[in-house]
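Everything on this sheet refers to the single structure shown next.
All chains are named by letter (A, B, ...) in the order of the sequence lines, taking the proteins before the strands, and each is independently numbered beginning at 1. What you see is a predicted model; the values in this text were computed from it and never measured.
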Amino acid sequence: TLLSDREEFEQIDFLKDRHVRFFQRTLQVLPERYASLETTRLSIVFFALSGLDVLGSLDVIDKDLIIEWIYSQQVLPTDDKSNLGRCGFRGSSHIGIPYSTKGPGVLHPYDSGHVAMTYTGLCSLLILGDDLSRVNKQGCLAGLRALQLEDGSFYSVPEGSENDIRFIYCAACICFMLDDWSGMNIQKAIEYIRGSLSYDNGFGQGAGRESHGGWTYCAIASLCLMGRLEEALSPRELDRIRRWCIMRQQSGFHGRPNKPVDTCYSFWVGATLELLGVFRYTNFEKNRNFILSTQDRLVGGFAKWPDSHPDPLHAYFGLCGLSLIGEPNLRKVHPALNITQGAFQHLQQLHQTWRSGCGQQH
Amino acid sequence: MRRKTTPEVVSTSCAELEAGKLAMSGVEKTSNESPEVEDKSKEMDAEADESFGDDYGVEPSQYLFYSDRKEWADLEPVPQDEGPNPVVKIAYSKKFSDVYDYFRALLKKDERSERAFALTADAIDLNAANYTVWHYRRILLQALSKDLRKEMTYITNIIEEQPKNYQVWHHRRMVVEWLNDPTEELAFIAEILSQDAKNYHAWQHRQWVIQEYKLWDNELEFVESLLEDDVRNNSAWNQRHFVISHTTGYSDPAVVDREIQILQDHGLSSQPGLLEKVLELKETHCSPYLLAFLFDCYEDALENTKNTEEQERQETLSKALEICELLAQEKDTIRKEYWQFLGRSLQSRHGRSPSEEPPAAEAESLPASGAQEAS
């Protein structure tokens, strides 16, 4: 390389403060061109909060205010509980329900939760240190059960949508966090996951589909959360999956053979490799160099590729990718649940409290 | 028709993974083209971002807010109630809010009318990722007995503009199901794939159509044409497997021969006498994949033939270990640690007199999701 030492240092310098400010701005206001994110805003909240948590910088935000807003997205049971199968969390108030953080639920012909918002909503509350005492567990689990199909996969909303392995992952996270697996038929979910294993040893979004780093993460992380990894997959299958995953590294990682590398796969594939015990055998330096090449030095955050605009998703997963390789000053991330180990420990404490019978969950 | 795509032709849509890895239910990745604001420092600056939409420059009288339209006067618009401290608030223009305030009003009363149907098109134009709008539009399509052929044209155009959005493909599938008519699908999907040969949504829709309506006949030919364009198109290879496994299967020797021939034409074969063939190819086409395959063959041989003479087993083992070294040192150095780990594992499992070997494998027991420190 013909760069001067100073340029080289700047090139690979991790700009922590910029990323903190990037997430702060994300939590405030986004311009109209982000309109397509409206129905999934709660997941963007998650990216920003978890990103700040990984950066050890949650102190820059007002946790209580955000907790209130998150709870205002909960679809609560009505007095007569006729909408139980539609409970969970919304992505935002786009339907027009009047703001409220407490029940009972308001009946509206089109109001229902979205499985990925319930998942990221619960994660966000945990990250903020909330005890989930205002989560209507019965509603969330009923809403979840209403989404599972015969083949084991899930819809995202009770009105119907596409169904695939992504929402199995969301469901597994929800059950795991609520410490209650009555929300799903595990056996069927496992069958769907196994059915998604491709001839080339990665997982597709469903049976027959092309194997892909994101869906492989969903498959493996779900099985780990369920505690069924070794029950569902043989040692040989696991070895083959390890091989598929580790072959995704080109510099950073790509999501499919012969596709360009993309920052977010440093997490999707990296975390999968970590769950399978072989992340340590990847090339940390090349991975790091690629992720940092997608860092936006001006506005902060990360993009999928170098010289592209950053966005909250890639900003978050870029950080997670760096956290996996042990970047200094970044908190460790639980590879299956995708929250920091600190947030995970908070969850474990809640579970202990619930199981010992103190502080009842309704 | 404004095309909303990221600049690069071949791109994996991370939008597919957004929203909590799946909340991604149809989040269109923010375009890397910022038509209004090029300056990166204004990336998130709400005030600086004027939404110069399609109507910029148009005579004001040509676009009327819904709140100014007489035929909507009976309806009370419903604003979005963000509460006292909204988070990740999106700064909508008046035009945007106006459309959606009326959308919310329609939803609240569950109105089933032509004007509602017309409004959904405006709402979709502003945000095609809003799944509630699409759901409501489907309700209206049925309640008003709308012309589904026209709807096919409509959704065709939208998918052309936004081919990586979950909602639009799901909507198309619903309409095709209602019409029970897949006749346009293969050609349409082929057209989308001609713009991005690896569009995951397109392939998924294609698999659904083929499987649902049993349209297997010409698919292998289609796959072959794509492989001619790009033999490295993994989506096409996957489709090949999909078709064969659902039609002839792989147990017929004629099928296997044909596949081998194709692979040989492209430089790789697999058949009995496999090892010899691969070893031949190793001389001229020594890729990491070929070597990894060789390693797997040796490993299989060791796993499955425990009764073989020890001498022969040790020879197989040492060939496998040679492959690992070759990969680690020369042919696939990015995965050096992994190939060396595989070699150690194989050694510990099949090496001579395990008691003589140092217990190198102990620290590497799997599966372990223990943390690993950065080197």
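- Contact of the A:Arg166 side chain with the B:Tyr166 side chain is registered, since non-hydrogen atoms from C-beta on lie closer than 4.5 Å.
- For B:Asn238, the parts sitting under 4.5 Å from any heavy atom of chain A are the backbone and the side chain alike.
- Contact annotation for B:Tyr100: neither backbone nor side-chain heavy atoms come within less than 4.5 Å of a heavy atom of chain A.
- Of the residues considered (B:Val78, B:Asp110, B:Leu107), B:Leu107 shows the highest number of contacts with chain A, using heavy-atom pairs under 4.5 Å.
- The parts of A:Pro257 that come within reach of chain B are both its backbone and its side chain, each placing non-hydrogen atoms under 4.5 angstrom from that chain.
- For A:Ala271, no part lies near chain B; criterion is any non-hydrogen pair under 4.5 Å.
- Using a 4.0 Å cut-off between charged side-chain N and carboxylate O, B:Lys95 and A:Glu32 make no salt bridge.
- Considering only heavy-atom pairs separated by less than 4.5 Å from chain B, the leading option among A:Glu68, A:Arg236, A:Gln73 is A:Arg236.
- In terms of heavy-atom proximity, A:Gly208 sits nearest to B:Gln207 at O-NE2, 2.8 Å.
- Checking B:Gln80 against A:Glu38 by side-chain atom types alone, a donor-acceptor pair falls below 3.5 Å.
- No donor-acceptor pair under 3.5 Å is formed between the side chain of B:Asn234 and the backbone N or O of A:Asn258.
- Chosen from B:Ser245, B:Pro288, B:Pro84, the residue pairing most often with chain A at heavy-atom distances under 4.5 Å is B:Pro84.
- The two atoms that bring B:Ala129 and A:Ser36 nearest to each other are CB-O, 3.6 Å, heavy atoms only.
- Only the side chain of B:Phe295 comes within contact range of chain A, with at least one heavy atom under 4.5 Å from a heavy atom of that chain.
- Looking at B:Asp101, there are no atoms closer than 4.5 Å to chain A (heavy atoms on both sides), in backbone or side chain.
- With a 4.5 Å cut-off on non-hydrogen atoms, A:Ser198 touches chain B through its side chain but not through its backbone.
- With a threshold of 4.5 angstrom between heavy atoms, A:Arg240 approaches chain B through side-chain atoms but not through N, CA, C or O.
- Atoms NZ and CZ, on A:Lys286 and B:Arg335 in that order, are 9.5 Å from each other to the nearest 0.5 Å.
- For chain A, the option among B:Ser235, B:Ala292, B:Ala105 with the highest count of heavy-atom pairs below 4.5 Å is B:Ser235.
- Taking CD1 of B:Ile90 as the start and NE2 of A:His94 as the end, the distance is 11.0 Å to the nearest 0.5 Å.
- Only the backbone of A:Gln28 comes within less than 4.5 Å of a heavy atom of chain B; no side-chain atom from C-beta onward does.
- Between B:Asp81 and A:Ser93, every side-chain heavy-atom pair lies at or beyond the 4.5 Å cut-off.
- Considering every non-hydrogen atom in both B:Gly83 and A:Tyr99, the closest pair reads CA-CD1, 3.3 Å.
- Under the 4.5 Å side-chain criterion, counting only non-hydrogen atoms from C-beta, B:Trp237 is not in contact with A:Glu210.
- Both the backbone and the side chain of B:Val87 come within contact range of chain A, judged by heavy atoms closer than 4.5 Å.
- Contacts with chain B were tallied for A:Ile95, A:Val157, A:Asp200, A:Asn287; A:Ile95 has the most, counting heavy-atom pairs under 4.5 Å.
- Heavy-atom pairs under 4.5 Å with chain B peak, among A:Met247, A:Gln341, A:His108, A:Glu159, at A:Met247.
- The local environment of CZ in B:Arg232 is sparse, with at most 12 non-hydrogen atoms from other residues, nucleotides or ligands closer than 6.0 Å.
- Note: B:Asp296 leads B:Asn130, B:Asp230, B:Asp296 in heavy-atom pairs under 4.5 Å with chain A.
- Atom CH2 in B:Trp339 sits 8.5 Å away from atom CD1 in A:Ile246 (nearest 0.5 Å).
- Within the 4.5 angstrom heavy-atom criterion, no atom of A:Ser72 approaches chain B.
- In this structure, A:Arg256 is not positioned above the aromatic face of B:Tyr200 in the sense of NZ or CZ being under 6.0 Å from the six-membered ring centre and within 45° of the axis.
- A distance of 11.0 Å separates CZ of B:Phe293 from CZ of A:Arg243, quoted to the nearest 0.5 Å.
- Looking only at heavy-atom pairs under 4.5 Å with chain A, the residue among B:Trp169, B:Tyr136, B:Phe103 that has the most is B:Tyr136.
- The part of A:Ile97 that comes within reach of chain B is its backbone (N, CA, C, O), which places non-hydrogen atoms under 4.5 angstrom from that chain.
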Decide yes or no on side-chain contact (heavy atoms from CB on, under 4.5 Å) for B:Tyr131 and A:His114, but give the supporting numbers first. CA-CA 10 Å; B:Tyr131 58 84; A:His114 182 299; 3.6 Å; yes

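- Here B:Ile244 contributes atom CD1 and A:Tyr199 contributes atom OH; the two are 10.0 Å apart, rounded to the nearest 0.5 Å.
- Rounding to the nearest 0.5 Å places OG of A:Ser112 at 7.5 Å from NE2 of B:His135.
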